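Given the structure is predicted, the values throughout are model-derived calculations rather than measurements. Along the sequence shown, the residues carry numbers beginning at 1.
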Amino acid sequence: MLLVTLPAVGMVGQTQTNARAYLLAASVLSFVLPLSYNIAQTKLQHITVSTGISRRNSIPRQESSIPRQGTLRPIQMPRTSSNLSTSSRDGKVEDDPHILNAADETAVMGEMFDTMGSTSKAVDVNRDVLTLFKVGDDEFSWEEGFTLSEVYSLGPKSLKLVVKHLIKSSKLWHRIFQSDSNNEVAKRRGIKCCIDALDIFSKAPAKRQLSDRSVIFPCYSFMNVISKTMTYTPPNNLSKEDFETALAENFVKETRYQHYHHCRALAFQADIMRRQGKFEEAISVIDAMKSIYDPQLHSRVLVKNT
């Protein structure tokens with residue numbers, strides 16, 4: 001690339017300033033981007049290897065399948081062992097700092113790939129992050145997701161990370177589908193990641209330990225985009241109307257302590273009611289939204305968190 005652009009800069013000279021600027025920028029990027037890619041790839045491999053060694057060394061020999069996260073002790077489920085995390089006496093799951101650090105470092109690599117436009121590699125890195133919260137040596141699968149016992153084993157910070165990266169993965173898969181509308185795998189995985197994030201957040205006991213639940217709010221918004229622009233099959237044999245009604249109700253419920261997000265949720269609910277032909281109910285919801293919405297107070301916050 002440099003062999004082409006640098007001589008061209010000299011040939012253009014000072015007469016064509018736009019062309020000169022473009023060629024100089026191309027020269028710089030042709031040097032920087034491969035360097036950034038190699039740094040990201042090397043760092044990612046180092047994290048993956050070190051995390052894998054740490055996990056293998058920490059697994060007791062008598063256990064063949066051990067959660068990477070802490071475990072809860074619900075009455076209806078037998079207690080399982082943990083190789084890294086622990087449960088407190090009151091039954092709350094404690095996050096493992098090693099896994100959280102590894103997840104944060106790996107996520108940086110994903111952001112770098114995303115910024116560089118390598119969506120497929122960003123998806124792969126997100127999968128590596130989600131794998132950290134799987135049981136034993138199991139790898140995360142886009143089709144299978146997380147088991148119920150794995151969801152129960154998530155601590156509060158782990159829950160937020162899993163939900164965050166499922167939402168991110170959903171958007172990345174959606175971007176891949178938008179670039180190739182015939183890619184049914186990308187479409188299916190994008191929708192499933194979004195639905196899985198909602199399902200995991202609703203079932204995880206660690207949710208009760210979160211005072212701020214805003215991590216899930218973008219998922220409701222993105223699911224609304226999916227429901228309006230794509231065909232999809234709702235989970236648990238629900239009809240589309242029942243699923244979207246429950247989706248709006250849950251969004252309203254989750255945001256009841258944060259007025260600016262609550263306004264957004266009410267608008268979401270009113271939109272679904274409008275699409276379902278429930279116009280009088282939609283108007284009532286809009287009236288409720290108007291009673292708590294302060295444009296000067298809430299508008300900037302809503303834009304910032306969209």
Got a sec, which pairs hit salt bridge (Lys or Arg N to Asp or Glu O under 4.0 Å) with one end in residues 192-204, sequence neighbours left out? K192-D196, D199-K203
Please name all residues satisfying side-chain hydrogen bond (donor to acceptor under 3.5 Å, both in side chains) with [X], sequence neighbours left out, ordered by chain then number.
X	value
S170	none
Y232	E244
K278	Q276
S181	none

Hey, are the side chains of [X] and [Y] touching, using non-hydrogen atoms and a 4.5 Å cut-off?
X	Y	answer
H174	F222	yes
E254	Y220	yes
I195	I226	no
F201	L210	yes

Which atom of [X] lies closest to which atom of [Y], heavy atoms considered:
X	Y	value
L161	A103	CD1-CB, 4.0 Å
A270	A282	O-CB, 3.6 Å
G145	E150	O-OE1, 4.3 Å
A197	C219	CB-SG, 3.8 Å
R213	K207	NH1-CE, 3.3 Å
F146	L130	CZ-O, 3.5 Å

Any chance you could measure [X], atom [atom1], to [Y], atom [atom2], to the nearest 0.5 Å?
X	Y	atom1	atom2	value
S169	H165	OG	NE2	8.0 Å
S158	D96	OG	CG	7.5 Å
D104	L132	CG	CG	10.0 Å
K240	L247	NZ	CG	12.0 Å
N237	F243	CG	CZ	13.0 Å
D138	E144	CG	CD	8.5 Å

Partners meeting side chain to side chain contact (heavy atoms under 4.5 Å, CB included) with [X] (sequence neighbours left out):
X	value
A204	V151, L159
K157	D95, L100
R127	T131, E139, F140, W142
N183	I176, D180, V185, A186

Check against side chain to side chain donor-acceptor pair (under 3.5 Å), D128 and T106: CA-CA 8 Å; D128 290 338; T106 307; over 6 Å; no
Can you list the steps and then say if K121 with M116 is a side chain to side chain contact (heavy atoms under 4.5 Å, CB included)? CA-CA 10 Å; K121 290 189 179 297; M116 293 163 60; over 6 Å; no
Under the side chain to side chain contact (heavy atoms under 4.5 Å, CB included) criterion, do M230 and F177 qualify, and how do the steps go? CA-CA 11 Å; M230 303 170 68; F177 173 69; 3.8 Å; yes
Within the distance-only criterion (no hydrogens, no angle test), does the side chain of N236 pair as donor or acceptor with the backbone N or O of L238 below 3.5 angstrom? no
So, does N101 use its side chain to make a donor-acceptor pair with the main chain of P97 at under 3.5 Å? yes
Hydrogens and angles aside, do S239 and D242 bring a side-chain donor and acceptor to less than 3.5 Å of each other? yes
With sequence neighbours excluded, tell me which residues meet salt bridge (charged side-chain N to carboxylate O under 4.0 Å, His left out) with [X].
X	answer
K187	none
D271	K228, R274, R275
K171	none

Check against side chain to side chain contact (heavy atoms under 4.5 Å, CB included), L154 and I200: CA-CA 10 Å; L154 296 171; I200 288 171; 4.2 Å; yes
Whether over 12 other heavy atoms sit under 6.0 Å from Q178 CD: yes
Surrounding CD of E280 (heavy atoms of other residues, nucleotides or ligands, distance under 6.0 Å), is the total greater than 12? no
Can K168 and D114 be counted as an ion pair, charged N to O under 4.0 angstrom? yes
